[in-house]
J.: 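Here's a structure for you.
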Amino acid sequence: MHKKFNHAEIEQKWQEAWRDSDLYTTDDSSNKEKVYVLDMFPYPSGEGLHVGHPKGYIATDVYSRFKKMSGYEVLHPMGWDAFGLPAENFAIKNKIHPRDAVEKNIANFKAQLAHLGFNYDWTREINTTDPAYYKWTQWIFLKLLEKGLAYESHEPINWCPSCQTGLANEDLESDGTCERCGSAVEKKPMRQWVLKITDYADRMLADLDTLTQWPEHIKEAQRNWIGRSEGAEITFKLSTGEEVKVFTTRPDTLFGATYLVLAPEHELITELKDTIQNWDEVVRYIVLSKEKSEQDRLNATKEKTGVKLEGITATNPANGEEIPVFIADYVLAGYGTGAIMAVPAHDERDHEFAEKFNLSIKTVVDEAGTLVESSEFNGMNSEEAKAAITAKVGGKMTSTYRLNDWVFSRQRYWGEPIPVIHCEKCGVVPVPEDQLPVTLPDVEHYEPTGTGESPLANIDAWVNVECPKCGGAGKRETNTMPQWAGSSWYYLRFIDPKNDAALIDPEKEKKWAPVDVYVGGDHAVRHLIYARFWHKFLYDLGVVHTIEPFQRLEFLGFILAEDGKKMSKRWGNVINPDDIVKRNGADALRVYEMFMGPFENTIAWSSDGIVGAQRFLERVNGLGGHIVDSDSEEVTRTLHKTIKKVRDDIEAFKFNTAISSMMIFLNVAEKEGVTETTYKIFLTLLAPFAPHLTEELWHEAGESELIHRQSFPEYDAALAKDDVVTIGVQINGKSRGDITIAPDATEEEALAAVRESKSLVERLEKEEIKKIIYKPGKILNLIL
RNA sequence: GCGCGGGUGGCGUAAUUGGUAGCCGCGCCAGUCUUAGGAACUGGUGGAGUAAUCCGUGGAGGUUCAAGUCCUCUCCCGCGCACCA
């Protein structure tokens, strides 16, 4: 029976009761086994949540309630990743301090989350923009600096002319535009701080194999991003005496290298100015390729262009042949050594270039993979030849990465100040640890200066300080950290959020780390790469005891708008969870989002679908009207099957089938009636999904303790077993009917059952049974 | 181009991991009822056919008593990387 209920009333009532009972405060001193369940913490945008956002939060809420009921001490916190450009741009536009905007947005987010009944331990709330928090973000930076992993560089970096800040490669769209504003990004040489993430590339790659509870596609995306290539570094001598190092994955083809190509940005080129006979032409080409934005370069028809360096040749170290040298923009400065040996016979790009410039093409590996035209290496297999040829020419086997070091400074206001002082005498001087945090001062204008300096540069009183080393005149670093800094270690701070003496207490770290289940979408590459990098660094410092921060990763699929598009203000298709909570109830929203489909699937919202969840809950609400004195066998069996299914499915994040099995139980329960005991077991089963309604019904049924403090139901395998099963009967492999027998019935019993079935007997009359295949409980196949 | 996922009713999906394909929900159809409600109840709902029956998990082959599930080829969709040497 459907029985409507006033969801708003019971939601409020129980949310207050839970809060007052400290139900969700994590006990550090507990002896129970720990589970750390974490959501990717949100950026508190001004737009608030839409119904897609809470999907992951609902899942972790279900999971952590389930774990608590199963006897674990659960750490399930929430916080805010609140530095970054959107808050700053919003502040500029509306003339308010980003801090005030963030504060307002957080209040709004918190209220929205509260309406859904989440069990976060708010006593551990953190905010990356809080000086007490970013003190430790700065501390990590100082340690990186101390270990030589943070350095100043003047290399050209990605510069967004509209945001007026430098950007990391990770901040660009695939077409080379700024991910924030879509502007074409330029290359601009400027001073910046860079983190040596490449030092950790091998470990980040290798340790992916230890992450057995991560989705394969995420690990694959990380492998692609790190982009390790194995090959050799080989040195070519130029006719001028200089040397050029090239990286190649095919040193076995060295005998086929018929020319050399340098990237237009290659540093050697200016040094060769006096020798290059066509210098004007070369300069023109360099200027032209610089003017091509990253975007043009990527979108170009890929027709090869380049200029030969007249007056310069190189020597192929394998055969002593003199070969021409080119500059061409199909060779990238930022990869390998910025120079290549071109083997047109065995590389498509080199081949295209060689055809265009009429260069010789020399095949050195035949179709069988055996070397030819390679003097003493002829006949050798190409794999073996790689090391052999490299050794002969004095090169070394090495690897190179697509991943570049992390450009870590931003010329913007709303970020963590980089805790460094520049002194004329002493150079770069770290701010002494006891002077942390270096707090972000208030400024008149948050607008970027456009000069490559952050707005902080204008605050003389803040910028001019004594050098901590010599006491002379020093100037603070005015660049700030990128948005990803605070989120690269926040999961640790929840363990010990108020510690002012250390980033984290070692005892607490040992107790709670690592994160057992990490849930989120998006950020497949960046956040996870950065956090893994910092975590490994902290491991080397002895701050953490595990090599990886996140044991298990559950990646969620988004919820699209009803029209199948992404939910966005722009399309006017945003559905606000507040409206759904008001109309259908928080529990209905929770059940529906978990029931929609597999957790990792991207699925469109359906306003009809949520009515289904609501109906289910109304029927649960009516189940109290079906109480009987004893459970039928079917009810008992279904109950125990359902308990097993729900337990297994929550553990595996298969929430959709868990709910489906509870619907099946309800269908049986309504028909047959259930005992009071069974009714209550069912309520506790459903409690993690529909916490408010089940709490209400639990108390209506006469209980006085909270349902969320009950033990999660256990099942009895014997009771879950069917005493009869219906199995299919096939004749010559085709389904022809079924028989109902005991699951462990003998073949004779099964055949006896067949003889009782009229339709089956008719089919068997004409021919004789040649072979019988009988799998108890599964199938009976008769071959005639 | 390289790599990783995935193609099942009108829709979201399920399938004990090789054993009667389509559970659960949405939608739809028919009937009942009336506090005309984002109602509820009963029955039905993969396709074709009056039916027996036949067909059916992107397509084509194969293995097997038995294939959505395993193998080979192929097409399509999504995601990551991509002038990366």
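Quick note on labels: first sequence line is chain A, next is B, and so on, each numbered from 1.
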J.: For B:rA21 versus B:rA36, give the span between their C1' atoms, rounded off to a whole number of Å.
T.: 41 Å
J.: Whole-Å distance between B:rC4 C1' and A:L553 CG?
T.: 15 Å
J.: Anti or syn, where syn is a glycosidic angle within 90° of 0; which label fits B:rU17?
T.: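 B:rU17: syn.
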J.: Can A:Y259 and A:S360 be said to form a side chain to side chain donor-acceptor pair (under 3.5 Å), step by step?
T.: CA-CA 9 Å; A:Y259 61 99; A:S360 68; over 6 Å; no
J.: Say we look at B:rA40 and B:rG46: how far apart would their P atoms be, to the nearest angstrom?
T.: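 Comparing P positions in B:rA40 and B:rG46 gives a spacing of 22 Å.
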J.: Under 4.0 angstrom, heavy atoms only, what part of the nucleic acid is A:D608 near: base, sugar-phosphate, or nothing?
T.: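 The answer is sugar-phosphate, as A:D608 gets under 4.0 Å only of primed atoms, P, OP1 or OP2.
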J.: With both distances under 3.5 Å as the test, what is the Watson-Crick or G-U wobble partner of B:rA14?
T.: none
J.: Is there a Watson-Crick or G-U wobble partner for B:rC4 with both distances under 3.5 Å, and if so, which one is it?
T.: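 Across any shown strand, B:rC4 pairs with B:rG78.
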J.: Using the P atoms only, state how far B:rG25 lies from B:rG7, rounded to an integer number of Å.
T.: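 The answer is 23 Å between these two P atoms.
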J.: Is there a donor-acceptor contact under 3.5 Å linking the side chains of A:Q614 and A:R583?
T.: no
J.: Give one of base, sugar-phosphate or nothing for A:P598, where a contact means two heavy atoms less than 4.0 Å apart.
T.: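 Contact class for A:P598: sugar-phosphate only.
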J.: For RNA chain B, find the residues of residues 204-212 of chain A with a heavy-atom distance under 4.0 Å and give them by number; none if there aren't any.
T.: none
J.: Select one nucleotide: of B:rG12, B:rA85, B:rC24, the one nearest the side-chain heavy atoms of A:I664.
T.: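 Nearest listed nucleotide: B:rC24.
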J.: Sort out the partner of B:rU35 for me: Watson-Crick or G-U wobble, both distances under 3.5 Å, none otherwise.
T.: none
J.: For nucleotides B:rC71 and B:rA85, find the distance between their C1' atoms and express it as a whole number of Å.
T.: 37 Å
J.: If the threshold is 4.0 Å, N to carboxylate O, is there a salt bridge linking A:E230 and A:K386?
T.: no
J.: Which one, B:rC26, B:rG19, B:rC4, comes nearest to the side chain of A:H217?
T.: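 In terms of side-chain proximity for A:H217, the closest of B:rC26, B:rG19, B:rC4 is B:rC4.
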J.: Taking only the C1' atom of each, what is the distance from B:rC55 to B:rG5 in whole angstrom?
T.: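 Going atom to atom, C1' in each nucleotide, I get 31 Å.
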J.: For A:I559 and B:rG12, what is the distance between atoms CD1 and P respectively, to the nearest whole Å?
T.: 15 Å
J.: Would you please test A:L780 and A:Q730 for side-chain contact (heavy atoms from CB on, under 4.5 Å) and show each step?
T.: CA-CA 6 Å; A:L780 175 67; A:Q730 299 183 342; over 6 Å; no
J.: Taking any heavy-atom pair under 4.0 Å as a contact, classify A:N601: base, sugar-phosphate, or nothing.
T.: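 Answer is sugar-phosphate: A:N601 comes under 4.0 Å of backbone atoms only.
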J.: Who is the Watson-Crick or G-U wobble partner of B:rU50, with both distances under 3.5 Å?
T.: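 With both distances under 3.5 Å required, B:rU50 matches none.
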J.: Which nucleotide wins on minimum distance to the side chain of A:R583, given the candidates B:rG5, B:rC83, B:rG38?
T.: B:rG38
J.: For atom P, what is the distance between B:rU69 and B:rU20, given to the nearest Å?
T.: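 My reading of the P atoms in B:rU69 and B:rU20 gives 14 Å.
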J.: What parts of residues 590-597 of chain A reach RNA chain B, counting only heavy atoms under 4.0 Å away?
T.: A:F595, A:M596
J.: Select base, sugar-phosphate, or nothing to describe what A:S661 touches, counting heavy atoms under 4.0 Å on all strands.
T.: nothing
J.: Give the rounded distance in Å between these two atoms: CG of A:N224 and C1' of B:rG1.
T.: 13 Å
J.: Given that A:R615 and A:K775 both sit by RNA chain B, which one's nearest nucleotide is further toward the 5' end?
T.: A:K775
J.: Side chain of A:Y335 only, heavy atoms from C-beta on: which candidate in B:rA85, B:rU20, B:rC24 is closest?
T.: B:rA85
J.: Going by atom types only, do A:D202 and A:Y401 share a side-chain donor-acceptor pair under 3.5 Å?
T.: yes
J.: Return the nearest nucleotide to the side chain of A:M663; candidates are B:rA14, B:rA66, B:rC24.
T.: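 So the side chain of A:M663 is nearest to B:rC24.
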J.: Just name whichever nucleotide pairs with B:rU45, Watson-Crick or G-U, keeping both distances under 3.5 Å, else none.
T.: B:rG27
J.: So which nucleotide from B:rU20, B:rA14, B:rC65 ends up closest to the side chain of A:I779?
T.: B:rU20
J.: Suppose we define a pair by two distances each less than 3.5 Å, Watson-Crick or G-U wobble; what does B:rA85 pair with here?
T.: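 B:rA85 is unpaired by these criteria.
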J.: Given the side-chain rings of A:F326 and A:F353, with only the six-membered ring counted for Trp, is the space between their centroids under 6.0 Å?
T.: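 Yes, close enough.
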J.: Check the distance between B:rC24's P and A:K641's NZ and give it to me in whole angstrom.
T.: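 In whole Å, B:rC24 P lies 13 Å from A:K641 NZ.
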J.: Students often get this wrong, so: under 4.0 angstrom with heavy atoms, is A:N667 touching a base, only sugar-phosphate, or nothing?
T.: sugar-phosphate
J.: Give a yes-or-no answer on whether the side chains of A:T726 and A:T740 include a donor-acceptor pair shorter than 3.5 Å.
T.: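 Yes, side-chain donor-acceptor contact under 3.5 Å.
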J.: How many whole angstroms separate atom CG of A:L332 from atom C1' of B:rC83?
T.: 7 Å
J.: Considering non-hydrogen atoms only, spot the tightest contact between A:V581 and A:H7 and give its length.
T.: O-CE1, 3.2 Å
J.: A:I610 CD1 to B:rC26 C1': how many Å, rounded?
T.: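 My rounded result for the distance is 13 Å.
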J.: A:G612 near the nucleic acid: base, sugar-phosphate alone, or nothing, with a heavy-atom cut-off under 4.0 Å?
T.: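 Here A:G612 touches the backbone only, sparing every base.
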J.: Whole angstroms only, please: what is the CZ-P distance between A:R223 and B:rG5?
T.: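 For the pair A:R223 CZ and B:rG5 P, the rounded distance is 10 Å.
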J.: Salt bridge or not between A:K654 and A:D648? Use side-chain N to carboxylate O under 4.0 Å.
T.: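 No, this pair does not count.
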J.: Quick check for you: among B:rG19, B:rA85, B:rU20, whose closest atom lies nearest to any side-chain atom of A:R349?
T.: B:rA85
J.: Could you tell me whether the side chain of A:S607 reaches within less than 4.5 Å of the side chain of A:E562, counting heavy atoms only?
T.: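 Sidechains of A:S607 and A:E562: in contact.
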J.: Looking only at heavy atoms, what is the nearest atom pair of A:N621 and A:F5, with distance?
T.: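 Scanning both residues, the minimum pair turns out to be ND2-CB, 3.7 Å.
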J.: Suppose we screen for salt bridge (Lys or Arg N to Asp or Glu O under 4.0 Å). Which residues come up paired with A:R250, at least two apart in sequence or across chains?
T.: A:D252
J.: B:rG37 and B:rC54: how far apart are their C1' atoms, nearest whole angstrom?
T.: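 Nearest-Å result for B:rG37 against B:rC54 at atom C1': 44 Å.
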J.: Which one is paired to B:rA21, where only Watson-Crick or G-U wobble pairs with both distances under 3.5 angstrom count?
T.: none
J.: Mind checking A:K219 for me? I need base, sugar-phosphate or nothing, with any heavy atom below 4.0 Å counting as a touch.
T.: nothing
J.: Any salt bridge linking A:D722 with A:K641? Criterion: basic side-chain nitrogen under 4.0 Å from a carboxylate oxygen.
T.: yes
J.: Let me spell it out: for each of A:G733 and A:K4, pick the nucleotide of RNA chain B with the closest heavy atom. Which residue's pick is nearer the 5' end?
T.: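 By nearest-heavy-atom nucleotide position, the 5'-most residue is A:K4.
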J.: With syn defined as a glycosidic torsion within 90 degrees of 0 and anti otherwise, which applies to B:rG59?
T.: anti
J.: Checking all strands, does A:I773 fall into the base, sugar-phosphate, or nothing category for heavy-atom contacts under 4.0 angstrom?
T.: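 It contacts base atoms.
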J.: Say whether A:W605 and A:N573, considering side chains only, have a donor N or O and an acceptor N or O under 3.5 Å apart.
T.: no
J.: Look at the side-chain N and O atoms of A:R736 and state whether any lies under 4.0 Å from the OP1 or OP2 oxygen of B:rC54.
T.: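 It does, given that an N or O in the side chain of A:R736 lies less than 4.0 Å from OP1 or OP2 of B:rC54.
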J.: Taking only the side-chain heavy atoms of A:K734 (C-beta and beyond), determine which of B:rC26, B:rC84, B:rC55 contains the nearest atom.
T.: B:rC55
J.: In whole angstrom, what separates A:F326's CZ from B:rA85's P?
T.: 22 Å
J.: Taking the P atom in each of B:rG3 and B:rG9, what is the distance between them to the nearest angstrom?
T.: 29 Å
J.: Which base, if any, makes a Watson-Crick or G-U wobble pair with B:rA67, both distances under 3.5 Å?
T.: none
